[in-house]
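Structure first, commentary second.
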Amino acid sequence: MSETAEPGLTTGGLSILSADARELYRAVVRSNEELAPSDLPADAKPALQELLDMGLLVPDTDRPDVLVAVDPQQLAEGLAAAWQQQALNLLTRAVALPAALKDLTEEFHPSEQAGGTIEYVRGKVLINQRLQQLTNSCSEEFLAAQPGGPRPPEALASSIDRDLALLRRGATARTIYHPSTRYHAPTRDYVAAVTQAGAQVRTLDEPYTRILVIDRRTAIIPVADDLSLAAFVHDQAIISYIVAEVFERNWSRAIDFDGARAVPQQVVSRLRQTIIDLMLKGTSHRVIARSLGISERTLARHIAEMREDYHVESLFQLGWVLARSNPTQPEVETSGFE
């Protein structure tokens, strides 16, 4: 009798019949006689077992102690139909299995312990499209840290309606900008509009990482310096770390910004100290303005006011005074300017 639980499967699994098994089958067919297993030599037992497993040899109906050959074609057709049905049943069970065990899986892996994925999106167009979709569905909280200078006016204009709609849906919004945005009229207008609608905006003059977090379910961080590759993080543990250890720490050190033209003295002092540091390094005015995200006209106004503060008439004299003392920037009144 066969030693396998499933007819048609040999002891070697799904492997093809060996040459010895094929030869033994041919010998039984050619002799046109019944085969008594006891008549076979010991070295023929493995081949005999393969034929029994496959079902090519079966016990005779009247004499169970002898074996007879069956038609391979009929056997193949019967086994093929049975296996196809079994395969369909197994496939159906395989597809249904995750859903059938979902409640047990949730019990074993609580939601607070569930991991997530990181999705990489390449190309600014695709990144912006993906971000637009997520922002349009934001219903709870939107966090953004936007380093660098002011955003282009056209970018601000295209996002104002979306951001106001987000706030009208009841979501909260907090954004961190570079202090140079306080000197950019389109950014001031944008900030005034969103803060009046309930958003919060602050500026931070320290280096910080670009981050977007939507409903604390997705965090977007840049991967390439040119922003052509971004990671969309869906893992809750990572998102919680980004919010608590990166965004919130930066937010706590940032200064409120409501879009007003008046610039807080603390912001002015820090900005001018940075200008002084760059001037002492011999950095050109164009490079200083670009690195701070301000116009050369705004930079010139800062330098002019610093000349007044230090009671010097020329840029050369200002540089000489700064080089000798490198003092802490004195506090002066300012109402903001372009």
Side-chain angles (χ1 to χ4, degrees), residues 114-182 184 186-204 206-251 254 257-259 293:
T117 60
I118 298 179
E119 172 191 4
Y120 292 93
V121 179
R122 184 178 297 278
K124 292 183 179 180
V125 173
L126 295 179
I127 292 172
N128 289 333
Q129 288 178 347
R130 186 81 175 90
L131 177 59
Q132 183 77 22
Q133 293 172 349
L134 291 170
T135 306
N136 288 341
S137 64
C138 178
S139 60
E140 299 175 9
E141 181 184 53
F142 182 86
L143 304 177
Q146 302 276 24
R151 297 165 62 193
E154 57 272 16
L156 294 168
S158 64
S159 62
I160 183 67
D161 291 337
R162 178 201 66 192
D163 297 341
L164 291 176
L166 180 151
L167 294 166
R168 285 194 293 268
R169 289 196 299 270
T172 61
R174 288 186 290 161
T175 301
I176 302 174
Y177 282 135
H178 188 272
S180 60
T181 56
R182 293 176 181 269
H184 186 242
T187 301
R188 287 201 306 267
D189 294 341
Y190 165 84
V191 171
V194 295
T195 54
Q196 186 175 6
Q200 293 178 280
V201 181
R202 293 183 179 182
T203 61
L204 181 64
E206 306 171 13
Y208 58 90
T209 303
R210 185 180 304 273
I211 298 172
L212 298 174
V213 182
I214 300 172
D215 286 340
R216 302 208 181 194
R217 286 192 285 269
T218 304
I220 302 95
I221 57 177
V223 178
D225 292 338
D226 62 356
L227 308 182
S228 62
L229 179 63
F232 286 70
V233 180
H234 307 287
D235 188 284
Q236 292 305 303
I238 298 176
I239 293 173
S240 296
Y241 179 86
I242 289 174
V243 172
E245 299 299 325
V246 181
F247 183 86
E248 294 293 358
R249 287 177 179 271
N250 289 333
W251 180 261
F257 177 31
D258 62 2

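All values reported here derive from a predicted model rather than from experimental measurement.
- Listed here is the closest heavy atom pair of Tyr120 and Ala231: CE2-CB, 3.9 Å.
- To the nearest 0.5 angstrom, Gln133 atom CD is 11.5 Å from Asn128 atom CG.
- Thr117 places none of its side-chain heavy atoms less than 4.5 Å from the side chain of Phe232.
- Using a distance-only test at 3.5 Å, with no hydrogens or angles considered, no donor-acceptor pair links the side chain of Thr218 to the main chain of Ile214.
- In this structure, the side chains of Arg202 and Arg174 stay at 4.5 Å or more apart for every pair of heavy atoms.
- Here the shortest heavy-atom pairing between Ala155 and Ser158 reads O-OG, 2.9 Å.
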Practice task
Assess whether side chain to side chain contact (heavy atoms under 4.5 Å, CB included) is satisfied between His184 and Arg151, documenting all intermediate values.
Solution key: CA-CA 9 Å; His184 186 242; Arg151 297 165 62 193; over 6 Å; no
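- Between the Asp215 side chain and the Arg217 main chain, no donor and acceptor come within less than 3.5 Å of each other.
- With sequence neighbours excluded, no residue satisfies side chain to side chain donor-acceptor pair (under 3.5 Å) with Ser240.
- Distance CD/Gln132 to CD1/Ile127: 14.0 Å, rounded to 0.5 Å.
- The side-chain heavy atoms of Ile220 and Arg130, taken from C-beta on, include no pair separated by under 4.5 Å.
- Tyr177 places no side-chain N or O within donor-acceptor distance of the main-chain N or O of Ala145, the cut-off being under 3.5 Å.
- In this structure, Ala193 and Leu164 approach most closely via the heavy-atom pair O-CD2, 3.9 Å.
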Exercise for the section: Check step by step if side chain to side chain contact (heavy atoms under 4.5 Å, CB included) holds for Leu166 and Arg162. Expected result: CA-CA 6 Å; Leu166 180 151; Arg162 178 201 66 192; 5.9 Å; no
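- Summarising the geometry of Gly198 relative to Leu167, their closest heavy-atom pair is C-CD2, 4.4 Å, with the distance given to 0.1 Å.
- In this structure, Glu140 does not pair ionically with Arg216, as no charged nitrogen and carboxylate oxygen lie closer than 4.0 Å.
- Here the CD1-CG distance, from Ile242 to Leu212, works out to 10.5 Å after rounding to the nearest 0.5 Å.
- Formation of a donor-acceptor pair under 3.5 Å by the Thr181 side chain with backbone atoms of His178 is found in this model.
- Using modelled atom types, one side-chain atom of Arg188 and one backbone atom of Arg182 make a donor-acceptor pair closer than 3.5 Å.
- The shortest non-hydrogen separation linking Trp251 to Val201 is CH2-N, 4.1 Å.
- Nearest approach of Asp258 to Val191, heavy atoms of both residues: C-CG1, 3.6 Å.
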Practice task
Decide side chain to side chain contact (heavy atoms under 4.5 Å, CB included) for Val213 and Phe247; before the verdict, give the C-alpha distance in whole Å, the side-chain angles of both, and the deciding distance to 0.1 Å.
Solution key: CA-CA 9 Å; Val213 182; Phe247 183 86; 5.9 Å; no
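- Within a 6.0 Å radius of CZ in Arg122, other residues, nucleotides and ligands contribute 12 heavy atoms or fewer.
- To the nearest 0.5 angstrom, Gln200 atom CD is 14.5 Å from Phe257 atom CZ.
- Distance CG/Leu143 to OG1/Thr172: 7.0 Å, rounded to 0.5 Å.
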